[in-house]
Amino acid sequence: MTGNQKLNAWINEIAALCAPRSVHLCDGSQAEYDSLASEMVKGGTFVKLDGKLRPNSYLCRSDPADVARTEDRTFICARSQDEAGPTNNWRAPAEMKAELTRVFRNCMQGRTMYVIPFSMGPIGSPISHIGIEITDSPYVVANMRIMTRMGREVLDALGAGDFVPCLHSVGAPLNSGQADVPWPCNAKSKYIVHFPEERSIWSYGSGYGGNALLGKKCFALRIASVMARDQGWLAEHMLILGLTPPSGKTIYIAAAFPSACGKTNLAMMNPTLPGWKVSCVGDDIAWMKFGADGRLYAINPESGFFGVAPGTSMQSNPNAVKTLVKNCIFTNVAMTPEGDVWWEDFTKAPPQKLIDWQGKQWEASSGRKAAHPNARFTAPVNQCPVVDPNYDNPQGVPISAILFGGRRPSVIPLVFEAFNWAHGTFLGSIQSSETTAAQTGAVGIVRRDPMAMLPFCGYNMGDYLAHWLQVGRETSPASLPKIFYVNWFRKSGEGKWLWPGYGENSRVLKWIYERVTGTGQAVETPIGYLPSASALDAKDLAVSREDLRELLRVDREGWLKEIPDIRSHYAKLGDRLPQELLDELARLERRLAEKT
Ligand code: OXD
Ligand code: MN
């Protein structure tokens, strides 16, 4: 089979358990992809889009009951509940393994079992790690070929080495003669299970996104965060971008934001400041390890974007739209009569007629959404017009700045800098965003999501924050990235946006660049270093002086009112929360209360 004994034994064990009709070891070739795609077209899973409008691209409609990650069915089965921590669902590993073994028995009956060797990160990079996904979904195979480096080359690099076993089934066995459906899944039973001690993943019942493309959230964040803790590195829910001034050296920035804060837009934005360039290394995940020089070097472990389609347009993100011109998979978007794709806000006016994401006729007057709000595109990173030249560099890129942020109409200034790494860790740990009309539930509620990792941390959040503090002690302070907090979403009392956002965010990135390279002017305040009004480049900017002052003001009262909320957030993280962070909170409160 393969040259790897552990892999051969695992393939045999899973084939015996799941009883597939056949086993296919994926080579990752174009021919293999094409043949799977045409089989899926025949079976009704894929619709081939018009070859001129959208070459080599496919549309897929999921079961309406399988459209997003299912966090309530996501488990971290650490040795003890305490190790999983209060923010994760936990079950005892032996008990869960026994249950899953029952659930997986014969679950691939009538289907092909695909074995996908994949590398998270450039093949052979010291920052990369290898996984093997076993799945009975050809849709997963096709997506994994875009989202990861996949196939024969990975097996060669693996040799006799170790890998993370990632087992996936849609949980829909076929009896002999039973016809398949376009999107098989299990409506009654879903499990997204992580065993951090043995570093393995078992996922059952869903074919969608992070539930099924196991390299992404399951491996690259939940399991990798555990590996990173044990091995002294960071696996983070962060974009990575290169920032180049008109005549200068590129620096690299990593940034963590909760959803609906424009992460993909920032990762590939077009700066409005003349001569400045942003280049994209990744839009979702960063793995960072120390280099020989004591700096943190980052790779994007993925090779594709699995982005939310609705809202993506030539206005909001022209480089994403240009990335999607060919070789893509679109899931749960609408289709035009010409055989192209469409989703809400893609064009200013919607086409008159469409086929919606459920395959039904749709008219502009219907008032229904044509695409599902969580409709996705799967697109190769190297098709992005502003892909960074070092995106595939096995050495990674040196990170000079880390950004945290959220959607906060009030209190939090446009940008400020942490005093040091520990203070920056504190800022990440209290990172917050207000809920919007795009989410169910009340609007305007502050939700705190440490480092945007709440659904993705594979162990106790208190230990995770302690690990961040420890990383800061591993090297000299000068070698560490500087940490910043940004907020593009400030509003006036009347509800008007104070900051234009999008490409104008380059003005904030310019100040960050200057701080990193030692020229940026800042004032020390109780919350951190803020740019003085003249330090932020406001040339030709359509923002009034008063608004700019408001954007860069420290709202002492507002911050003081946050303190009890931060305290109760910390209480929810449990007793493993490092004392150092409570001390940071006490110091913040003291500084805010001091008279200047
Ligand atoms: C994602 C997420 O899909 O963070 O990237 O939910
Ligand atoms: Mn994400």
Side-chain angles (χ1 to χ4, degrees), residues 26 28 30 32-34 36-38 40-41 45-49 53-62 66-69 114 116 118-120 131 133 135 137-151 166 168 170 182-183 185 203 206-220 239 259 263-264 267-268 280 282-285 300-312 317 319-335 340-343 346 357 371-385 387 391:
C26 297
Q30 184 67 43
E32 177 181 75
Y33 181 89
D34 293 343
L36 280 174
S38 72
M40 281 190 277
V41 170
T45 303
F46 268 6
V47 176
K48 194 163 178 33
L49 294 167
L53 297 171
R54 208 60 66 173
N56 191 32
S57 296
Y58 299 90
L59 168 83
C60 181
R61 299 185 190 108
S62 82
D66 192 20
V67 292
R69 286 185 292 102
Y114 300 94
I116 312 170
F118 64 95
S119 175
M120 296 313 288
E133 178 158 353
T135 179
S137 162
Y139 169 85
V140 166
V141 179
N143 277 271
M144 286 293 282
R145 184 165 181 271
I146 299 175
M147 293 305 297
T148 69
R149 287 90 169 163
M150 183 271 246
C166 309
H168 171 253
V170 292
W183 185 278
C185 62
S203 165
S206 166
Y208 207 86
N211 287 345
L213 313 178
L214 301 185
K216 196 175 181 58
K217 305 297 189 184
C218 297
F219 180 178
L239 65 86
S259 65
K263 205 163 145 203
T264 304
M268 50 185 86
C280 178
D283 79 328
D284 197 36
I285 300 173
N300 172 9
E302 303 188 285
S303 60
F305 303 117
F306 187 68
V308 176
T312 305
N317 192 339
N319 290 322
V321 173
K322 290 175 193 163
T323 304
L324 305 179
V325 292
K326 58 184 178 186
N327 305 324
C328 290
I329 299 168
F330 297 90
T331 306
N332 288 347
V333 304
M335 191 169 87
D340 199 5
V341 288
W342 193 85
W343 47 78
F346 187 36
W357 70 276
H372 186 277
N374 193 36
R376 298 282 179 149
F377 52 77
T378 317
V381 169
N382 59 17
Q383 284 183 193
C384 178
V387 64
Y391 143 71

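- Between Val140 and Tyr114, the closest side-chain pair of non-hydrogen atoms is not below 4.5 Å.
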- Message: The test is side-chain contact (heavy atoms from CB on, under 4.5 Å); show your working for Asn56 and Asp34 and say whether it passes.
- Response: CA-CA 9 Å; Asn56 191 32; Asp34 293 343; 4.2 Å; yes
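- Under the 4.5 Å side-chain criterion, counting only non-hydrogen atoms from C-beta, Met40 is not in contact with Tyr58.
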- side-chain contact (heavy atoms from CB on, under 4.5 Å) between Asn332 and Arg61, intermediate numbers included: CA-CA 5 Å; Asn332 288 347; Arg61 299 185 190 108; 4.3 Å; yes
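- Taking every heavy atom of both residues into account, Asp66 and Ser62 meet most closely at O-OG, 2.9 Å.
- Judged by distance alone, the side chain of Asn300 and the main-chain N or O of Tyr391 form no donor-acceptor pair under 3.5 Å.
- In this structure a side-chain-to-backbone donor-acceptor pair under 3.5 Å is missing from Trp343 to Ala371.
- Not one N or O on the side chain of Gln383 forms a donor-acceptor pair closer than 3.5 Å with the backbone of Val325.
- Judged by distance alone, with hydrogens and angles left aside, the side-chain atoms of Ser57 form a donor-acceptor pair with the main-chain N or O of Pro55 at under 3.5 Å.
- Residues Met144 and Leu213 have side chains in contact (heavy-atom distance under 4.5 Å, counting atoms from C-beta outward).
- For the 3.5 Å distance criterion, the side chains of Thr331 and Tyr139 qualify, holding a donor opposite an acceptor.
- Interatomic distance, Leu324 CG to Ile329 CD1, rounded to the nearest 0.5 Å: 12.5 Å.
- Although no hydrogens or angles enter the test, the distance criterion places a donor-acceptor pair under 3.5 Å between the side chain of Asn319 and the main chain of Met268.
- Under the 4.5 Å side-chain criterion, counting only non-hydrogen atoms from C-beta, Arg376 is in contact with Tyr208.
- Between atom OG of residue Ser206 and atom CH2 of residue Trp183 there is a gap of 7.0 Å, rounded to the nearest 0.5 Å.
- Taking all atoms of both residues into account, the shortest heavy-atom contact from Asn211 to Ala68 is ND2-O, 3.2 Å.
- Side-chain atoms of Thr148 do not come within 3.5 Å of backbone N or O of Glu302 as any donor-acceptor pair.
- Across all their heavy atoms, Ala142 and Phe46 have their closest contact at CB-CZ, 4.3 Å.
- In this structure, the separation between CD on Gln30 and CG on Asn327 is 7.0 Å, given to the nearest 0.5 Å.
- Here Met147 contributes atom CE and Phe305 contributes atom CZ; the two are 9.0 Å apart, rounded to the nearest 0.5 Å.
- Across all non-hydrogen atoms, the minimal contact from Pro301 to Ile285 is CD-O, 3.4 Å.
- Arg54 places no side-chain N or O within donor-acceptor distance of the main-chain N or O of Asp340, the cut-off being under 3.5 Å.
- Between Asp284 and Lys263, at least one side-chain nitrogen of the basic residue sits less than 4.0 Å from a carboxylate oxygen of the acidic one, meeting the salt-bridge criterion.
- Side-chain atoms of His372 do not come within 3.5 Å of backbone N or O of Pro310 as any donor-acceptor pair.
- Of the inter-residue distances, the one linking Asn143 atom CG with Cys328 atom SG reads 10.5 Å to the nearest 0.5 angstrom.
- When all heavy atoms are compared, the tightest approach of Val333 to Ala309 is CG1-CB, 4.0 Å.
- Taking both residues in full, the closest heavy atoms of Thr323 and Cys384 are given as OG1-CA, 3.2 Å, listed atom of the first, atom of the second, then distance.
- Contact of the Cys26 side chain with the Glu32 side chain is registered, since non-hydrogen atoms from C-beta on lie closer than 4.5 Å.
- Within 6.0 Å of NZ in Lys326 there are 12 or fewer heavy atoms belonging to other residues, nucleotides or ligands.
- Using a 4.5 Å cut-off on side-chain heavy atoms (C-beta onward), Arg69 and Asn374 make no contact.
- For the residue pair Thr312 / Asn317, no side-chain donor-acceptor distance below 3.5 Å is found, with atom types taken as modelled.
- Contact annotation: the side chain of Phe219 never approaches that of Glu133 to less than 4.5 Å [non-hydrogen atoms, C-beta and beyond].
- Between Asn382 and Ser303, the closest side-chain pair of non-hydrogen atoms is not below 4.5 Å.
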